[in-house]
Amino acid sequence: MNDTRPDPGYEPLPPAVEPGEMRELTRNAVRRAASRQWSVDELSWASLRPEQLTDTDRSVVRFITFIEDHIPGYLTYFLDAFPVSGTDLAIEEFCFNREYFRFLISWANEEERHASVLTRYQIEAGISDPETLMRELAEEGRKKFALPYESPVQAFTYTLVQEKATQLFYQRFRTVAREPVLRDLLHRLARDEARHFAFYSELVEAYVRRHGLAATVPDLKDVLATFRMPLADTLNGYWRWSLRIADATSYDHTEAYQALVRLVNGFATSGGRASAADLGAFTRALRGL
Ligand SMILES: [Fe+2]
Ligand SMILES: [Fe+2]
């Protein structure tokens, strides 16, 4: 006999973070974003000195334009993973996703600005022309963006590491770049990425507070073990390109893993010492590879 009643033991999974707390986190992040707004026209384009760009600078600018320009795909991924439409959504889950949406829109607006400012930079500096660049970006941009993660905390952790890695990279690139408009631009990008990182740190912290460190560390380890920068698997020539860039700027994206270790260590006093030590050792092993 078929019994279609829900199993009495069935309970929907609790949202990653309590919706009221998520509301606070997103409200703060959106407020910080609004008070640090800037526009593409604000840069001193008339001061641009393309003759000060090295071949490596030009190559790095092309690379990071591809990365920033994948924002439509990245946003689409998040909107699919945290839907805000459908009566099958539990109210709690909807409330969480609805609050997250406020952050995602503000964040996507900033990443979109990064894509626009780099596109404009390429044109103004004569690195490319509008038609060629539009087609080149379209070639990569239309490839589907996906992350291999199942649980929300993994998506948050991935983004935390990626935002930190991008921030560190822009700071590093700025120490070698000489062209003044590029230096100003990198400063602005790094500041925005630092803010994105701060939001995800707060979110992962809230998650750990709710679910416990021991239950979370396996997910965090899985993210670090499989971490690839966005587009690593789709952008033509990604690996050779990224190695050359890392060499030229003495950049190592695994430095960003330390940010996660520091976050987790913050919980080590509240009974999670063994889990925190476990993640620390795991990260050291990964970075030693
Ligand atoms: Fe960005
Ligand atoms: Fe970002």
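Numbering of ligands and ligand atoms starts at 1, following listing order.
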> Counting only protein atoms, how many N/O/S atoms are less than 2.8 Å away from the Fe ion (ligand 1)?
Replying inline: 5
> How would you list, by chain and number, every residue that makes a ring pair (Phe, Tyr, Trp, His ring centres under 6.0 Å) with Tyr200, sequence neighbours excluded?
Replying inline: Phe103
> Does a donor on one side chain and an acceptor on the other come within less than 3.5 Å for Thr216 and Asp219?
Replying inline: no
Would you mind writing out the side-chain donor-acceptor pairs for residues 80-87 within the sub-3.5 Å range, not counting sequence neighbours?
none

> Gln122: what forms a side chain to side chain contact (heavy atoms under 4.5 Å, CB included) with it, not counting sequence neighbours?
Replying inline: Val61, Arg62, Thr65, Ile127, Ser128, Leu133
> For atom CG of Asp55, is the number of surrounding heavy atoms from other residues, nucleotides or ligands below 6.0 Å larger than 12?
Replying inline: no
> Between Thr226 and Tyr158, does any side-chain donor sit less than 3.5 Å from a side-chain acceptor?
Replying inline: no
